Amino acid sequence: ATTEIYTLSLHDALPIWQSEIIEATLRDGHWRGEVVNYAPDGREFIVDCRTQVVLDEQGDQIALCGVSTDITEQKRTEAALRESEQTFRNIVQASPMGIHLYHLEADGRLVFTGANPAADRLLGFEHAPLFGKTIEEAFPALVVTQVPERYRRVAEHGETWHTEQIDYADGEIGGAFEVYAFQMSPGKLAVMFTDITARKEAELALRANEEMFRGLFENHAAVKLLVDYGTGSIVDANQAAADYYGWSRERLRQMCIFDINTLPEEVVRTEMDQAVKRRRVNFEFRHRRADGSVRDVEVFSSTVSLKGRNLLYSIVHDITDRRLAEAEQEKLREQLMQVQKLDSVGQLAGGVAHDFNNMLQGIIGYTELASSQVDPADPVYADLQEIGKTADRAADLTRQLLAFARKQTVSPKVLDLNVTVGEMLSMLRRLIGEGVRLVWMPGPALWPVRIDPVQVHTMLANLCINARDAVGGTGRITIESRNVVIDKVFCASHAAARVGDYVMLAVSDDGCGMPKDMLAKIFDPFFTTKEVGKGTGLGLSTVHGVLMQNGGFVSVYSEVGKGTTFLLY
């Protein structure tokens, strides 16, 4: 309480009034300084003390006046500021980014005041000699870029500025920096920068690669697709793809690969996974087109990264014609193997039949000789006759074998097949029976052919008997003739055919027909669809052998339930 303080001595009332302060005040007439003091509760505080001697009218010292101001918070603020400034200096010195410091003078000059070690390292020279110079003097190259004016606006108005400064030399990047300029306090500017030359060179190279890829993608004649293998969506398609599939590029970009591929979606995803994992790079699919057609394609796929997206880059080749050619080639290969097999079996059959025929002639001769010496009433005579009949049937079989093997003795003549077939009609009608109608349709102005008429008889007899059995009692058999010209297109699908002029005999029936698997075997020796004991399996083989012997060939067309047609050229 002040009333109590009044009764105390100065030293007791205010400890801050130390003897040194009083002595200095009395000696000099005044004193000012900072004094640390402690409150009764022990709290430390700092005061700014000012003392003055009071004089009377005669100039004698009669009193001492003192004023104390608490500046504790002010001192704390100043200490914090000093610590902050030291921290800033430490950060500037340790920063990996280059830092330039500037001060904006009242006359508008922007003075370069400092730089950190990173600035020396990044720019390749020491900055200390430049301190105190204006920005134009320190860095004259910046004048043409109007950077100084931009820095002044930042220092004066507190703006921030982020930019990239790139120097080009002969079309290439000589150096590139990313720059941040900001106001530290009014009139004070900091500029931070880092070297981005490597990044810019990589971006430039990447851009060049993307442009090259885009050029190859856009302008290439091959069908190309970019597919997101996560969703299956078509990210892009080149013009060749639009032309091939029949959809516009915009429409293709709205579609999925599953809309094009005929395989189930889960199978396509499995195949894409194979490509992504590089287990396979080429695939064969069937792709739909806008017109509804389906084409065989071979797809080569690999992964690419484009603008941060991982995509499947696919090149599509149409192999439909190749597949058709391969299928046709396989068919021709099978036909060739059939011809070779028939030739091999024919050689074997011909050799066996020739020797067997010689033995049969002996059997027939001795049987006739024995029969002439036996009374017809004798039971032995009947047995000898049966032996003779069996030998004659065996001789017929050998003739078929020889015809099949093309070793039968023939007497070719120049014939008009219309006349030859016409002379055989009555015999053929008796052969097939009354229940089957035989129709003869001769072609006009038939070209002459050179062939043994017996061979014509053999072929027609075999075919008409087969047709009769296929009809099964009642039906129709048609024989027709006409001139035909065989070209290369026809030969491509018929291995035995040769280009030229031919006379064709067609034998058709409306019987039961044959399935496709049976058609592949009908000319095989000893192959028959008839019951055991009703067919030798040599009839159609004989027809094939006769035609081959006479420079011709045979084709057959059949459908179950609709009949069969044999075309003899």
Side-chain angles (χ1 to χ4, degrees), residues 33-34 36 44 46 48 71-169 172-206:
E34 294 178 2
V36 177
E44 181 183 279
I46 303 172
D48 178 22
I71 59 170
T72 305
E73 290 301 321
Q74 176 185 334
K75 286 297 180 178
R76 289 176 180 171
T77 301
E78 290 174 354
L81 180 59
R82 285 193 299 272
E83 182 179 356
S84 175
E85 289 177 347
Q86 184 60 45
T87 301
F88 175 75
R89 283 193 293 270
N90 292 339
I91 291 174
V92 169
Q93 293 299 311
S95 173
M97 297 182 68
I99 299 176
H100 285 174
L101 302 176
Y102 296 89
H103 182 266
L104 183 62
E105 303 291 344
D107 58 4
R109 292 183 309 126
L110 192 61
V111 178
F112 182 50
T113 59
N116 68 343
D120 293 348
R121 175 175 50 81
L122 290 174
L123 297 182
F125 61 86
E126 292 186 6
H127 289 73
L130 304 179
F131 295 167
K133 295 184 178 182
T134 65
I135 187 173
E136 290 83 1
E137 294 170 340
F139 307 105
L142 295 179
V143 176
V144 296
T145 63
Q146 296 184 343
V147 167
E149 291 303 319
R150 192 62 187 262
Y151 283 0
R152 286 186 176 89
R153 288 200 296 272
V154 172
E156 185 176 0
H157 301 294
E159 300 176 1
T160 57
W161 185 38
H162 173 214
T163 187
E164 292 179 353
Q165 296 176 354
I166 304 175
D167 295 329
Y168 290 96
E172 297 182 357
I173 295 177
F177 292 91
E178 189 170 16
V179 180
Y180 299 86
F182 58 95
Q183 185 192 65
M184 293 189 297
S185 61
K188 291 186 177 181
L189 171 71
V191 178
M192 304 179 68
F193 56 92
T194 184
D195 192 331
I196 57 171
T197 305
R199 190 183 83 191
K200 285 299 175 182
E201 288 176 343
E203 291 176 357
L204 191 63
L206 180 61

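Owing to the predicted nature of the structure, the values given are computational and were not obtained by experimental measurement.
Ring geometry for Tyr151 against Tyr102 counts as tilted: the plane angle lies between 30° and 60°, on a 0 to 90° scale. Below 30°, between 30° and 60°, or above 60°: for His100 and Phe112 the angle between ring planes is above 60°, a perpendicular geometry.
Within the 3.5 Å criterion, the main-chain N or O of Gln146 finds no donor-acceptor partner in the side chain of Glu149. Without hydrogens or angle criteria, Arg121 side chain to Pro96 main chain gives a donor-acceptor distance under 3.5 Å. Proximity of a side-chain donor or acceptor of Asp120 to a complementary backbone N or O of Ala115 within less than 3.5 Å is not detected. In this structure, Glu34 contributes its side chain and Asp48 its backbone to no donor-acceptor pair below 3.5 Å.
Summarising the geometry, atom CZ belonging to Arg76 is positioned 12.0 Å from atom CD1 belonging to Ile71; distances are rounded to the nearest 0.5 Å. Here Gln183 contributes atom CD and Leu104 contributes atom CG; the two are 9.5 Å apart, rounded to the nearest 0.5 Å. The line from CD1 of Ile99 to CD of Gln93 is 8.5 Å long, rounded to the nearest 0.5 Å. Considering OG1 of Thr113 and CG of Leu101, their distance stands at 4.5 Å, rounded to 0.5 Å. The CZ atom of Arg153 sits 6.0 Å away from atom CD of Glu159, with the distance rounded to the nearest 0.5 Å.
Between Leu130 and Phe125, some side-chain heavy-atom pair lies under the 4.5 Å cut-off.
The two residues Gly108 and Arg152 make their nearest non-hydrogen contact at O-NE, 2.9 Å. Closest approach of Pro140 to Glu137, counting heavy atoms only: CD-O, 3.8 Å. Closest of all the heavy-atom pairs between Pro148 and Ile135 is CB-CG2, 3.8 Å. Looking at every heavy atom in both residues, Ala119 comes nearest to His127 through O-CE1, 3.3 Å. Taking every heavy atom of both residues into account, Asp195 and Ala176 meet most closely at OD1-O, 3.2 Å. Taking every heavy atom of both residues into account, Leu122 and Thr194 meet most closely at CD1-CA, 4.3 Å.
Test Phe193, Phe182, Tyr180 against His162 for ring pair (Phe, Tyr, Trp, His ring centres under 6.0 Å) and you get one pass: Tyr180.
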